[in-house]
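Working notes, beginning with the structure itself.
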Amino acid sequence: MKIATWNINGVKARISELCQWLESSSPDIACLQEIKSVDEGFPRAEIEALGYHVETHGQKGFNGVALLSKIKPDEINRGLPGDDSDEQARFIEGVFSVKDGVLRVCSLYLPNGNPSDDPVKYPYKLAWMARLQKFAESRLALEEPLILAGDYNVIPEPHDCYDPAVWATDALFLPKTRAAFRNLENLGLTEAVRATTDAQKHYSFWDYQAGAWQKNNGIRIDHLLLSPEAADKLISTDIEKHVRGAEKPSDHVPVIGHFNFSLAS
DNA sequence: ATGCCTAATTTAATTAGA
């Protein structure tokens, strides 16, 4: 089973590229971020025509996440628990049936947090990460396969960016950000890409500006975190770098996990 | 050097991304 996460940077601006990607890459489940659309505006018909179920959690203008799946979800939960006053659409969970039980897949769009000295934005990021920690704790207690997939806006280690000095004071790389990400991993979650490769200059985002793509000035910020029950099923990962070379690309590319989950019979 | 590009909202500048 192929499970993907992709920050698409605007689903309406990217619908042609999205459909081409679904046809060529053919993920069983795709977690999208930054759909930048309300639920009613999401181009679901084109995606359903390719055989996918579509579940969205959108908002006007910014943010927004979605789950596309070849198998129909049994349950969908929208929004990250822990703060009823948070109106930003950054989290959706789907519960699927596989051969031996359930599979939980979450599409998350963790706040950017820049500028890092902003009185609101960086604290919001850290608070969101604390809420994600609580959520992960509660789900791990279920001892089920769980995949937390998304744009974490976290550069985990210095070699996950082209120049650590450039990112030293950035909200994606500050010590508190990296510590919060390690706290998640220390719950027992496995980061799928580093569990399967030590490839260097292995990035998932390249800025549109300053020729970042041409110079391979990338960062790795899109991740799959796996519960032990999901990590046991992990076979390999891919970062579909070629997608960044499309005519009208997102600034992120899909990150893929291959698992040996079997479909429910 | 907080810009260099891009999308969305709205129709000409902003805001946000990272």
Side-chain angles (χ1 to χ4, degrees), chain A residues 5-19 21 31-43 46 56-66 86-91 107-126 128-129 132 149-178 180-181 201-223 239 241 243-255:
Chain A
T5 181
W6 188 18
N7 179 321
I8 194 162
N9 189 19
V11 71
K12 286 173 285 189
R14 209 85 55 213
I15 184 61
S16 167
E17 288 76 7
L18 174 59
C19 288
W21 173 72
C31 303
L32 302 181
Q33 301 87 36
E34 276 205 275
I35 63 174
K36 297 187 176 179
S37 171
V38 294
D39 295 336
E40 310 82 71
F42 193 93
E46 294 92 322
T56 63
H57 182 40
Q59 69 177 93
K60 188 175 178 180
F62 309 94
N63 305 327
V65 289
D86 185 0
E87 296 185 343
Q88 299 193 32
R90 295 178 173 277
F91 191 89
S107 177
L108 66 93
Y109 177 43
L110 206 147
N112 176 300
N114 280 307
S116 59
D117 58 357
D118 186 278
V120 174
K121 295 195 169 186
Y122 193 56
Y124 174 66
K125 177 175 192 150
L126 293 178
W128 206 96
M129 295 185 84
L132 183 60
D151 177 358
Y152 278 74
N153 274 313
V154 174
I155 300 166
E157 300 291 339
H159 64 281
D160 293 316
C161 66
Y162 62 93
D163 183 357
V166 169
W167 296 91
T169 61
D170 193 283
L172 279 63
F173 192 58
L174 280 175
K176 282 183 180 174
T177 305
R178 294 174 57 199
F181 188 78
K201 300 183 179 179
H202 200 44
Y203 305 133
S204 67
F205 168 93
W206 295 261
D207 202 298
Y208 289 123
Q209 302 182 73
W213 167 243
Q214 289 75 11
K215 292 185 268 190
N216 197 26
N217 286 348
I219 55 179
R220 196 174 68 88
I221 57 175
D222 300 274
H223 309 298
I239 298 184
K241 185 176 180 180
V243 172
R244 187 61 177 79
E247 194 168 335
K248 216 178 76 165
S250 170
D251 40 9
H252 297 249
V253 298
V255 177

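These numbers come from a predicted model, not from an experiment.
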Specify whether Phe181(A) and Tyr152(A) have parallel, tilted or perpendicular ring planes, treating 30° as the upper limit for parallel and 60° as the lower limit for perpendicular. perpendicular
Using whole Å, what does the distance between atom P of nucleotide dG17(B) and atom CZ of Phe205(A) come to? 12 Å
Quick check for you: among dA16(B), dA18(B), dT9(B), whose closest atom lies nearest to any side-chain atom of Lys12(A)? dT9(B)
Which residues pass the side-chain hydrogen bond (donor to acceptor under 3.5 Å, both in side chains) test with Tyr203(A), sequence neighbours left out? none
So what does Asn153(A) touch, heavy atoms closer than 4.0 Å: a base, only the sugar-phosphate, or nothing? sugar-phosphate
Within the structure shown, what part of the strands sits under 4.0 Å from Asn9(A) by heavy-atom distance: base, sugar-phosphate, or nothing? sugar-phosphate
What is the nucleic acid contact for Arg90(A), judged by heavy atoms within less than 4.0 Å: base, sugar-phosphate only, or nothing? sugar-phosphate
Phosphate contact (dA18(B) OP1 or OP2) by His252(A) side-chain N/O below 4.0 Å: yes
When the C1' atoms of dT11(B) and dA1(B) are compared, how many Å lie between them, rounded to an integer? 30 Å
Measuring from the side chain of Lys36(A) (C-beta onward, heavy atoms only), which nucleotide among dA8(B), dA18(B), dT9(B) has the closest atom? dA8(B)
dA13(B) to dT2(B) separation - P atoms, rounded to the nearest Å: 23 Å
Heavy atoms only, 4.0 Å cut-off, all strands: where does Tyr109(A) land among base, sugar-phosphate and nothing? sugar-phosphate
Within the 4.0 Å heavy-atom criterion, would you say Asp222(A) contacts the bases, only the backbone, or no part of the nucleic acid? nothing
In whole angstroms, the gap separating C1' of dG17(B) from CD1 of Ile155(A) amounts to 14 Å
Give Asn63(A) one of three labels, base, sugar-phosphate or nothing, depending on what nucleic acid heavy atoms sit under 4.0 Å from its own. nothing
Walking DNA chain B from its 5' end, the first of Asn7(A) and Gly61(A) to be reached, judged by nearest nucleotide, is Gly61(A)
Taking only heavy atoms on the protein side, list every residue of residues 208-217 of chain A lying under 4.0 Å from any atom of DNA chain B, sorted numerically. Tyr208(A), Gln209(A), Ala210(A)
Run the side-chain hydrogen bond (donor to acceptor under 3.5 Å, both in side chains) test against Thr177(A) and tell me which residues pass, sequence neighbours left out. Tyr122(A)
With Asp163(A) via side-chain contact (heavy atoms from CB on, under 4.5 Å) - residues at least two apart: Ala165(A), Val166(A)
Expressed in angstrom and rounded to an integer, what is the separation of Asp160(A) atom CG from dA18(B) atom P? 17 Å
Identify each donor-acceptor pair in which a side-chain atom of residues 167-174 of chain A lies under 3.5 Å from a protein atom, sequence neighbours left out, and give them as a table.
from	atom 1	to	atom 2	distance (Å)
Asp170(A)	OD1	Asn114(A)	ND2	2.9
Asp170(A)	OD1	Leu172(A)	N	2.8
Asp170(A)	OD2	Asn114(A)	ND2	3.3

Give me the atom names and distance for the closest heavy-atom approach of His57(A) to Arg90(A). CD2-N, 4.3 Å
Of the nucleotides dA7(B), dA18(B), dA16(B), which one has an atom closest to the side chain of Arg14(A)? dA7(B)
Sugar-phosphate, base or nothing in reach of Lys121(A), heavy atoms under 4.0 Å: sugar-phosphate
Value in whole Å for how far the P atom of dC5(B) lies from CD of Glu247(A): 18 Å
Under the rule for side-chain hydrogen bond (donor to acceptor under 3.5 Å, both in side chains), what residues qualify as partners of Thr56(A), not counting sequence neighbours? Asp39(A)
